[in-house]
There are 2 protein chains.
Amino acid sequence: MPSHTEENYLKAIYKLSEEQPGVEVSTNRIAEVLQTRPASVTDMLRRLGEKGLLHYERYRGVSLTHDGRRVALLTIRKHRLWEVFLVNKLGFNWDEVHEVAEEMEHLQSPLLMRRLDEFLSFPQLDPHGDPIPAEDGAIVRPQHRLVSDLQPGEEGTVMAVKNTSVPFLRYLDKAGLSLGAKIEVLDKIAFDNSLEIRINDNKVTLISHEISCNLFVAD
Amino acid sequence: MPSHTEENYLKAIYKLSEEQPGVEVSTNRIAEVLQTRPASVTDMLRRLGEKGLLHYERYRGVSLTHDGRRVALLTIRKHRLWEVFLVNKLGFNWDEVHEVAEEMEHLQSPLLMRRLDEFLSFPQLDPHGDPIPAEDGAIVRPQHRLVSDLQPGEEGTVMAVKNTSVPFLRYLDKAGLSLGAKIEVLDKIAFDNSLEIRINDNKVTLISHEISCNLFVAD
DNA sequence: CCAAAGTGCCCAGTCACACCGAGGAAAATT
DNA sequence: AATTTTCCTCGGTGTGACTGGGCACTTTGG
């Protein structure tokens with residue numbers, strides 16, 4: 001049974017390795033996202049390596065084993081299912097759930113998760129549009145593009161967010177850019193890469209590059 | 001923020017002090033129910049005393065402070081609300097929930113508990129008939145009697161169980177003695193204190209003293 | 001191809017938390 | 001008052017997680 005901290009490390013490593021597939025994950029990067037020191041990371045990597053959860057060869061970066069990947073995906077599954085529960089059943093807003101789910105994802109009863117999944121009618125996506133891994137770790141890679149990659153004239157529907165920070169989500173709510181909103185790119189300002197967009201065939205707004213590269217759309 | 005272990009100690013001390021009101025709780029007794037050694041208990045008592053959660057005077061037994069009582073009651077509140085959730089929403093049987101709730105009771109978000117309480121329509125009792133403390137720690141002492149105290153001729157409705165072990169609850173299910181069942185005491189066997197009872201104006205059964213002193217009824 | 005820069009490892013240690021055996025002190029029992 | 005029971009204190013264990021500093025390895029850019 002993995003400890004809370006171990007689950008957090010594995011989750012972080014999984015996410016980092018998804019960010020740049022093929023590239024091994026670096027110690028410094030892990031330390032950065034987990035807000036800790038590289039020395040602590042090395043320590044944990046050695047332990048996780050000994051437990052067979054990742055391939056750890058000094059100076060070589062790190063990659064998850066089959067088991068490690070499974071633990072990471074199950075943790076993500078728990079996190080996202082609880083997020084769905086919080087939003088759909090308890091009436092939380094999508095900007096309030098991350099911290100709470102961060103705590104709930106460490107609950108260790110598989111039966112609980114199976115029953116919860118059923119209670120939620122087997123959701124495929126969490127409130128931020130991210131796919132929920134199956135019990136066996138299977139996960140569907142969503143087919144969507146960053147808004148920042150759209151060219152003027154292109155359009156799409158908001159499907160997911162890359163960032164789940166409170167200020168970002170609050171901004172989206174305010175701007176009318178929640179999941180499901182239709183976006184049409186009118187113009188791209190070369191100077192700062194900000195975009196002029198039309199939302200739901202209605203309002204025209206300017207969004208910064210910082211925003212557009214944290215928003216996903218699909219056709 | 002109390003640790004898991006601290007919450008468990010406080011909960012155990014609260015329950016022991018309820019068992020025999022007025023009597024201070026003894027070190028050995030705590031060690032017994034928490035499955036640990038007296039030396040470990042002394043150690044934890046000192047720490048909890050320093051944190052102002054209980055009155056700890058050596059050799060004098062122990063009693064909770066206002067704060068300690070509050071933490072204990074909040075922990076019990078969380079435990080029981082989650083039990084209601086597991087049974088009413090996720091379809092768990094009342095004999096399956098204890099362990100899972102034991103883990104969930106340590107979640108630390110007050111907002112979560114408030115929303116859960118609302119989602120469950122502010123239940124007053126958990127699936128075993130125990131009262132759920134309010135957010136401020138208020139708890140209503142249920143008015144019920146042990147079946148073992150009933151005399152032949154008396155009757156009542158099953159309101160709660162004292163023991164929540166799987167075998168006991170399974171037995172009750174099988175015997176038709178779930179919450180709400182009507183009981184009528186026909187005879188008391190002086191030899192072993194077992195009782196002959198009629199259930200729901202129907203079947204007549206014999207129940208042992210072991211059973212009857214773990215079952216509560218009210219009129 | 002080499003040296004500087006950058007990255008990561010290892011050591012030795014810290015800190016917090018929880019636990020425990022042994023021995024003797026205090027309290028309860030008789 | 002003597003004996004039994006309770007339980008406190010002391011010193012110590014183990015684990016999990018973190019960390020600074022020094023050095024080893026790798027990468028990079030000339």
Side-chain angles (χ1 to χ4, degrees), chain A residues 1-13 16-17 19-20 22-64 68 71-72 75 102-103 105-108, chain B residues 1-13 16-17 19-20 22-64 68 71-72 75 102-103 105-108:
Chain A
M1 200 93 336
S3 73
H4 292 198
T5 315
E6 285 171 356
E7 285 189 334
N8 287 338
Y9 268 88
L10 291 170
K11 203 176 62 157
I13 293 166
L16 287 172
S17 69
E19 254 177 31
Q20 297 185 7
V23 181
E24 305 274 273
V25 179
S26 85
T27 304
N28 276 354
R29 196 79 184 81
I30 297 171
E32 198 179 307
V33 306
L34 290 181
Q35 298 270 63
T36 183
R37 303 279 149 197
S40 314
V41 175
T42 302
D43 189 33
M44 181 59 96
L45 292 185
R46 190 185 38 72
R47 277 150 58 201
L48 292 173
E50 280 167 8
K51 290 194 178 188
L53 295 168
L54 45 79
H55 297 293
Y56 175 51
E57 223 172 317
R58 38 196 185 73
Y59 298 110
R60 276 288 147 73
V62 77
S63 62
L64 297 180
V71 172
T75 307
E102 205 65 16
E103 205 185 342
E105 77 188 3
H106 300 299
L107 293 170
Q108 291 294 359
Chain B
M1 199 94 334
S3 74
H4 291 198
T5 315
E6 284 171 356
E7 286 189 333
N8 286 338
Y9 269 87
L10 292 170
K11 203 176 62 157
I13 293 166
L16 287 172
S17 68
E19 255 178 31
Q20 298 185 7
V23 181
E24 304 275 275
V25 179
S26 86
T27 304
N28 275 355
R29 196 81 183 79
I30 298 170
E32 199 179 307
V33 305
L34 291 181
Q35 297 271 63
T36 181
R37 301 280 148 196
S40 313
V41 175
T42 303
D43 190 31
M44 181 59 96
L45 292 186
R46 190 184 40 70
R47 275 150 58 198
L48 292 173
E50 279 167 10
K51 289 195 177 186
L53 295 169
L54 46 78
H55 297 294
Y56 176 52
E57 223 172 317
R58 38 192 185 75
Y59 295 110
R60 276 287 145 73
V62 78
S63 63
L64 298 180
V71 173
T75 306
E102 204 66 15
E103 204 185 344
E105 76 187 1
H106 300 299
L107 294 169
Q108 292 295 358

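Numbers restart at 1 for each chain; the letters A, B, ... are given by sequence-line order, proteins then strands.
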Taking C-beta and beyond as the side chain, do B:Val62 and B:Leu48 meet within less than 4.5 Å on heavy atoms? no
In whole angstrom, what separates A:Asn8's CG from D:dA17's P? 10 Å
Whole-Å distance, A:Arg29 CZ to C:dG6 C1', equals 16 Å
Take atom CE of A:Met44 and atom P of C:dC9, then tell me their distance rounded to the nearest Å. 15 Å
Heavy-atom distance under 4.5 Å between the side chains of A:Leu10 and A:Leu53, does that happen here? yes
For a quick test of reading the model, state the closest non-hydrogen atom pair linking B:Leu45 to B:Leu54 and the distance between them. O-CD1, 3.6 Å
Strictly below 4.0 Å, heavy-atom distances to any atom of DNA chain D: list the hits from residues 31-43 of chain A, or just say none. A:Thr36, A:Arg37, A:Ala39, A:Ser40, A:Asp43
Looking at A:Arg47, I'd like to know whether one of its side-chain N or O atoms comes within less than 4.0 Å of OP1 or OP2 on D:dA17. yes
B:His4: what forms a ring-ring contact (aromatic ring centres under 6.0 Å, His included) with it, not counting sequence neighbours? B:His106
Below 4.5 Å, heavy atoms only, C-beta onward: do B:Thr42 and B:Tyr56 meet side chain to side chain? yes
With a 3.5 Å distance limit and no angle check, can you tell me whether B:Glu7 reaches the backbone of B:Pro2 through a side-chain donor-acceptor pair? no
What is the distance from CD of A:Glu50 to C1' of D:dG16, rounded to the nearest Å? 14 Å
Within less than 4.0 Å of OP1 or OP2 of D:dC18, is there a side-chain N or O belonging to A:Tyr9? yes
Would you say A:Val25 and A:Glu19 make side-chain contact, with heavy atoms under 4.5 Å? no
Rounded to the nearest 0.5 Å, how far does CD1 of A:Ile13 lie from CG of A:Leu34? 8.0 Å
Would B:Arg29 and B:Glu32 pass as an ion pair if we require N to O under 4.0 Å? yes
Side chain of B:Thr27, heavy atoms from C-beta onward: which of D:dC7, C:dA18, D:dA17 has the nearest atom to it? D:dC7
Under 4.0 Å between a side-chain N or O of A:Asn28 and OP1 or OP2 of C:dG8? yes
Nearest-angstrom distance from the residue atom CG of A:Leu48 to C1' of C:dC9: 16 Å
Rounded distance in Å - NE2 (A:His4) to P (D:dC18): 13 Å
Atom CD of B:Glu24 and atom C1' of D:dT6 are separated, to the nearest Å, by 15 Å
Using only side-chain N and O atoms of A:Ser26, determine if any of them is under 4.0 Å from OP1 or OP2 of C:dT7. no
Tell me: CE of B:Met1 to P of C:dA16, nearest whole Å? 18 Å
List every contact pair, protein side and nucleotides 23-30 of chain C side both N or O, where the distance is under 3.5 Å.
| from | atom 1 | to | atom 2 | distance (Å) |
| --- | --- | --- | --- | --- |
| C:dA25 | N3 | B:Tyr59 | OH | 3.4 |

